[in-house]
Every structure is written in structure tokens, then in C-alpha cells.
Number of protein chains: 2
Amino acid sequence: MTKTVFYHAGCPVCVEAEQQFVTALDPQKYQVEVVHLGEQKNRLVEAEQAGVKSVPALVLDGLPFHINFGASLNDLR
Amino acid sequence: MTKTVFYHAGCPVCVEAEQQFVTALDPQKYQVEVVHLGEQKNRLVEAEQAGVKSVPALVLDGLPFHINFGASLNDLR
């Protein structure tokens, strides 16, 4: 079981991506943590260190994947 | 079982996204077709109609999700 983190900021684009992607991932292989960066600003540095530049983004096996484009991380500070 | 289409163009960004995402999706729920738009230009119109603007992109349950940014569809014509 691999831990995966989905970062979002509550915008409609993020919510749609969250619902689609989180439920589409193989539950046998991935455990998904959903982090709302607008509410959990203390997770911004960690997201940035994982290579996240905008939300929504999924960090999968240590690699950042930016899904569509909602907001840049700097807009959340 | 839902059919999902992953569009890419063979670039390194696409290949990485393909490997990660296609193998991360729940195999109980999704059957993934991988389409190389650089080689299958006859699928460009279909991709565009699904809302795809750039590759790599995944059309999941009829909705387009653009993953990172490799190339715009117009660069593939």
C-alpha cells in the first residue's frame, strides 16, 4: 500500500479532479490523503518540496502530477 | 467497467504520466486505452471533442483531465 497525497484548495476544478481521481485510483494499491492547502497552510512547504507548483495536484509514488489548473501555490499563502 | 482514454504524444512527460496513472487506476473499474496522438492523428478530432487541449490527458467518465503539460494539441497537427 502506497500513500498518495492529493493537494487541493477547494475550488470547483480541484473538487471535480479530487472526486474523479481519488475514486479512480486502485484501492488495493493506494491510500489517498486529501489535503486542503487553503485550510492547511502548514502543509504548503511539504507540497512545494514534493514538486507541487499548482493545485489540484497528486503526488503519486513521490512524483508530482498537476491536474488541469486551479491555482498556483503562491496564491494560497 | 468504464472505458478511459489516455492521450499522449510520446514525450517524456507523457510517458511518465502514462505509466503512473494508467497503472494507478483501479483495474476493477477502468479499462484504459492509450492513444499516441502523434502517430494516430485521426484521433485528434475525437480528443478535441472530449475537451482535450493538451497532452498528456486522461478522459475519465467523459471529463478531460490535463496532467502536467507536454504539448498542445495544435502542435500535433
Side-chain angles (χ1 to χ4, degrees), chain A residues 1-38 44 46-76, chain B residues 1-38 44 46-76:
Chain A
M1 187 68 79
T2 306
K3 196 180 149 217
T4 300
V5 188
F6 183 86
Y7 295 101
H8 73 113
C11 60
V13 171
C14 302
V15 171
E16 182 184 65
E18 177 188 329
Q19 289 171 343
Q20 292 291 328
F21 270 93
V22 169
T23 62
L25 293 175
D26 186 350
Q28 303 287 318
K29 285 161 65 182
Y30 295 98
Q31 185 190 352
V32 186
E33 182 190 8
V34 176
V35 175
H36 188 317
L37 284 176
L44 276 164
E46 159 209 306
E48 219 162 37
Q49 283 170 349
V52 173
K53 300 206 183 313
S54 62
V55 286
L58 188 70
V59 176
L60 195 66
D61 298 322
L63 293 171
F65 291 98
H66 302 90
I67 302 161
N68 292 337
F69 183 80
S72 100
L73 240 56
N74 282 333
D75 293 335
L76 301 173
Chain B
M1 187 67 79
T2 306
K3 196 179 150 218
T4 300
V5 187
F6 183 85
Y7 295 100
H8 73 114
C11 60
V13 171
C14 302
V15 171
E16 183 184 66
E18 176 187 330
Q19 289 170 344
Q20 292 291 329
F21 270 93
V22 169
T23 62
L25 294 175
D26 186 351
Q28 304 287 320
K29 285 161 64 182
Y30 296 98
Q31 185 190 353
V32 186
E33 182 190 8
V34 176
V35 175
H36 188 318
L37 284 177
L44 277 164
E46 159 208 306
E48 220 161 37
Q49 283 170 348
V52 173
K53 302 208 183 308
S54 62
V55 287
L58 187 71
V59 176
L60 194 66
D61 299 322
L63 292 171
F65 291 97
H66 302 91
I67 302 160
N68 292 337
F69 184 80
S72 100
L73 240 57
N74 283 332
D75 293 336
L76 302 173

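Chain letters run A, B, ... following the sequence lines, proteins first and then strands; every chain starts at 1.
- With respect to chain B, the highest number of heavy-atom pairs below 4.5 Å among A:P27, A:A57, A:P56 belongs to A:P27.
- For the atom pair B:L58 CG and A:F65 CZ, the distance stands at 12.0 Å (nearest 0.5 Å).
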Output all donor-acceptor pairs under 3.5 Å across chain B and chain A; consider backbone as well as side chains.
unit_1 : atom_1 : unit_2 : atom_2 : d
B:T23  : O      : A:K29  : NZ     : 2.5
B:A24  : O      : A:D26  : N      : 2.6
B:D26  : N      : A:A24  : O      : 2.6
B:K29  : NZ     : A:T23  : O      : 2.5
B:H66  : N      : A:N68  : OD1    : 2.7
B:H66  : O      : A:N68  : N      : 2.5
B:H66  : ND1    : A:N68  : OD1    : 2.9
B:N68  : N      : A:H66  : O      : 2.5
B:N68  : OD1    : A:H66  : N      : 2.7
B:N68  : OD1    : A:H66  : ND1    : 2.9

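- Contact of B:P64 with chain A is made through the backbone alone, with heavy-atom distances under 4.5 Å.
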